[in-house]
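To start, the structure under review is shown below, and the notes come after it.
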Amino acid sequence: MFPNLIKQKILVLIFTWLLLLYLPQDWCFALDNSAAKKVENNAPAPVQTRPLLDTTTIPAEKVNKFVQAYLQVWQLISQRQGELQAAETELESLRIEQDVEAKASAIITQSGLTKQEYLQLLGLANVDPEFGERVAMQLQEARQ
(Lines give C-alpha, C1' and ligand atoms only; values in the text may rest on other atoms or scores of the structure.)
Protein backbone atom coordinates (compact mmCIF):
# COMPACT_ATOMS: atom_id res chain seq x y z
CA MET A 1 0.00 0.00 0.00
CA PHE A 2 2.88 2.41 0.72
CA PRO A 3 4.19 2.26 -2.88
CA ASN A 4 0.68 3.12 -4.12
CA LEU A 5 0.64 6.26 -1.95
CA ILE A 6 3.97 7.32 -3.40
CA LYS A 7 2.65 6.66 -6.89
CA GLN A 8 -0.45 8.74 -6.16
CA LYS A 9 1.65 11.62 -4.78
CA ILE A 10 3.82 11.55 -7.90
CA LEU A 11 0.69 11.64 -10.05
CA VAL A 12 -0.58 14.66 -8.11
CA LEU A 13 2.73 16.45 -8.69
CA ILE A 14 2.72 15.61 -12.39
CA PHE A 15 -0.89 16.72 -12.70
CA THR A 16 -0.12 20.00 -10.98
CA TRP A 17 2.58 20.66 -13.54
CA LEU A 18 0.25 19.76 -16.42
CA LEU A 19 -2.58 21.82 -14.99
CA LEU A 20 -0.42 24.88 -14.51
CA LEU A 21 0.96 24.40 -18.02
CA TYR A 22 -2.45 24.23 -19.71
CA LEU A 23 -4.73 26.38 -17.57
CA PRO A 24 -4.68 30.18 -17.67
CA GLN A 25 -2.31 31.78 -15.22
CA ASP A 26 -5.03 34.01 -13.79
CA TRP A 27 -6.62 30.92 -12.25
CA CYS A 28 -3.68 30.54 -9.94
CA PHE A 29 -3.35 33.98 -8.44
CA ALA A 30 -6.00 36.66 -8.28
CA LEU A 31 -5.27 40.19 -7.11
CA ASP A 32 -8.03 42.34 -5.74
CA ASN A 33 -8.67 45.61 -7.61
CA SER A 34 -6.74 47.82 -5.19
CA ALA A 35 -3.67 45.59 -5.35
CA ALA A 36 -3.91 45.40 -9.14
CA LYS A 37 -4.07 49.20 -9.41
CA LYS A 38 -1.02 49.57 -7.18
CA VAL A 39 0.90 47.09 -9.31
CA GLU A 40 -0.15 49.00 -12.42
CA ASN A 41 1.12 52.22 -10.83
CA ASN A 42 4.46 50.53 -10.08
CA ALA A 43 3.83 50.91 -6.36
CA PRO A 44 4.61 47.87 -4.25
CA ALA A 45 1.52 45.81 -3.57
CA PRO A 46 0.76 45.25 0.10
CA VAL A 47 1.65 41.83 1.40
CA GLN A 48 -1.51 40.09 2.43
CA THR A 49 -1.20 37.38 4.98
CA ARG A 50 -3.89 34.77 5.06
CA PRO A 51 -4.51 32.50 7.98
CA LEU A 52 -3.23 29.01 7.38
CA LEU A 53 -6.01 26.67 6.37
CA ASP A 54 -6.61 23.80 8.74
CA THR A 55 -6.81 20.97 6.26
CA THR A 56 -8.39 18.63 8.78
CA THR A 57 -11.56 20.77 8.68
CA ILE A 58 -12.06 20.50 4.92
CA PRO A 59 -15.29 18.54 4.58
CA ALA A 60 -15.08 15.03 3.14
CA GLU A 61 -17.71 16.01 0.56
CA LYS A 62 -15.48 18.79 -0.79
CA VAL A 63 -12.47 16.46 -0.94
CA ASN A 64 -14.62 13.88 -2.75
CA LYS A 65 -15.75 16.50 -5.29
CA PHE A 66 -12.12 17.46 -5.81
CA VAL A 67 -11.03 13.85 -6.30
CA GLN A 68 -13.80 13.19 -8.83
CA ALA A 69 -12.99 16.37 -10.77
CA TYR A 70 -9.25 15.64 -10.56
CA LEU A 71 -9.70 12.19 -12.08
CA GLN A 72 -11.82 13.55 -14.93
CA VAL A 73 -9.43 16.42 -15.69
CA TRP A 74 -6.47 14.03 -15.49
CA GLN A 75 -8.19 11.73 -17.98
CA LEU A 76 -8.94 14.68 -20.29
CA ILE A 77 -5.33 15.86 -20.24
CA SER A 78 -4.04 12.32 -20.75
CA GLN A 79 -6.33 11.81 -23.73
CA ARG A 80 -5.38 15.09 -25.38
CA GLN A 81 -1.63 15.07 -24.63
CA GLY A 82 -0.79 13.06 -27.75
CA GLU A 83 -2.95 15.30 -29.90
CA LEU A 84 -1.23 18.35 -28.49
CA GLN A 85 2.23 16.93 -29.12
CA ALA A 86 1.23 16.00 -32.68
CA ALA A 87 -0.04 19.50 -33.49
CA GLU A 88 1.73 20.74 -36.58
CA THR A 89 1.19 24.45 -36.09
CA GLU A 90 1.17 26.83 -33.17
CA LEU A 91 -2.40 27.78 -34.03
CA GLU A 92 -3.51 24.14 -33.88
CA SER A 93 -1.69 23.71 -30.56
CA LEU A 94 -3.37 26.82 -29.17
CA ARG A 95 -6.79 25.57 -30.29
CA ILE A 96 -6.23 22.25 -28.50
CA GLU A 97 -5.00 24.00 -25.35
CA GLN A 98 -8.05 26.27 -25.32
CA ASP A 99 -10.35 23.30 -25.80
CA VAL A 100 -8.68 21.45 -22.91
CA GLU A 101 -8.94 24.57 -20.73
CA ALA A 102 -12.64 24.97 -21.49
CA LYS A 103 -13.41 21.31 -20.86
CA ALA A 104 -11.35 21.22 -17.66
CA SER A 105 -13.14 24.33 -16.45
CA ALA A 106 -16.51 22.74 -17.21
CA ILE A 107 -15.53 19.55 -15.37
CA ILE A 108 -14.46 21.52 -12.31
CA THR A 109 -17.62 23.64 -12.31
CA GLN A 110 -19.86 20.59 -12.81
CA SER A 111 -18.19 18.93 -9.83
CA GLY A 112 -19.54 21.69 -7.60
CA LEU A 113 -16.23 23.46 -7.04
CA THR A 114 -15.01 26.82 -8.22
CA LYS A 115 -11.78 26.93 -10.18
CA GLN A 116 -10.15 28.70 -7.25
CA GLU A 117 -11.28 26.03 -4.77
CA TYR A 118 -10.03 23.30 -7.10
CA LEU A 119 -6.61 24.90 -7.46
CA GLN A 120 -6.38 25.56 -3.72
CA LEU A 121 -7.14 21.92 -2.95
CA LEU A 122 -4.68 20.81 -5.60
CA GLY A 123 -1.99 23.02 -4.09
CA LEU A 124 -2.75 21.80 -0.58
CA ALA A 125 -2.50 18.20 -1.73
CA ASN A 126 1.02 18.96 -2.90
CA VAL A 127 2.29 20.93 0.10
CA ASP A 128 0.46 19.48 3.09
CA PRO A 129 1.56 15.87 3.69
CA GLU A 130 -1.51 14.90 5.73
CA PHE A 131 -3.96 16.39 3.26
CA GLY A 132 -1.98 14.91 0.36
CA GLU A 133 -2.29 11.49 1.95
CA ARG A 134 -6.01 12.04 2.49
CA VAL A 135 -6.45 12.90 -1.20
CA ALA A 136 -4.20 10.04 -2.32
CA MET A 137 -6.27 7.55 -0.33
CA GLN A 138 -9.50 8.86 -1.87
CA LEU A 139 -7.92 8.70 -5.32
CA GLN A 140 -6.96 5.10 -4.68
CA GLU A 141 -10.48 4.25 -3.49
CA ALA A 142 -12.06 6.00 -6.48
CA ARG A 143 -9.94 3.99 -8.91
CA GLN A 144 -10.91 0.61 -7.42
Exercise. How far apart are the C-alpha atoms of Glu97 and Ser93, what are their side-chain angles, what is the distance that settles it, and do they pass the side chain to side chain contact (heavy atoms under 4.5 Å, CB included) test?
Worked result: CA-CA 6 Å; Glu97 287 177 19; Ser93 177; 3.5 Å; yes

For this session: Identify the two heavy atoms, one from Phe131 and one from Ala125, that lie closest to each other, and give their separation to 0.1 Å.
Result: CD2-N, 3.6 Å

Exercise. In Å and rounded to the nearest 0.5 Å, what is the CD to CD distance from Gln140 to Glu133?
Worked result: 10.5 Å

Seminar exercise, completed: Smallest heavy-atom separation, Ala104 atom then Leu76 atom, equals N-CD2, 3.6 Å

Problem set entry | Whether Ser111 side chain and Ile108 backbone form a donor-acceptor pair below 3.5 Å | yes

Exercise. Can you tell me how far the CG atom of Leu121 sits from the CG atom of Asn126, to the nearest 0.5 Å?
Worked result: 11.5 Å

Exercise. Is the side chain of Glu92 donor-acceptor paired with the backbone N or O of Glu88 at a distance under 3.5 Å, no angle test?
Worked result: yes

For this session: Test Glu130 against Arg134 for salt bridge (charged side-chain N to carboxylate O under 4.0 Å, His left out), laying out the working first.
Result: CA-CA 6 Å; Glu130 290 178 21; Arg134 184 176 167 195; over 6 Å; no

Seminar exercise, completed: Sorted by chain and number, sequence neighbours left out, salt bridge (charged side-chain N to carboxylate O under 4.0 Å, His left out) with Glu90 holds for none

Exercise. What is the distance from atom CD1 of Ile107 to atom CD of Gln72, rounded to the nearest 0.5 Å?
Worked result: 5.5 Å

Seminar exercise, completed: Between the NZ atom in Lys65 and the NZ atom in Lys62, the distance rounded to the nearest 0.5 Å is 7.0 Å

Problem set entry | CG-CD distance between Asn64 and Glu141, expressed to the nearest 0.5 angstrom | 9.5 Å

For this session: Please work out whether the ring planes of Tyr70 and Trp74 are parallel, tilted or perpendicular, with thresholds of 30° and 60°.
Result: parallel

Exercise. Which is it for Leu124 and Ile58 under the side chain to side chain contact (heavy atoms under 4.5 Å, CB included) test, yes or no, and what are the steps along the way?
Worked result: CA-CA 11 Å; Leu124 283 171; Ile58 297 173; 3.9 Å; yes

For this session: Answer yes when Lys103 and Asp99 have at least one side-chain N-carboxylate O distance shorter than 4.0 Å, and no when they do not.
Result: yes

Problem set entry | Approximate separation, where rounding is to 0.5 Å, of Gln79 CD and Leu84 CG | 13.5 Å

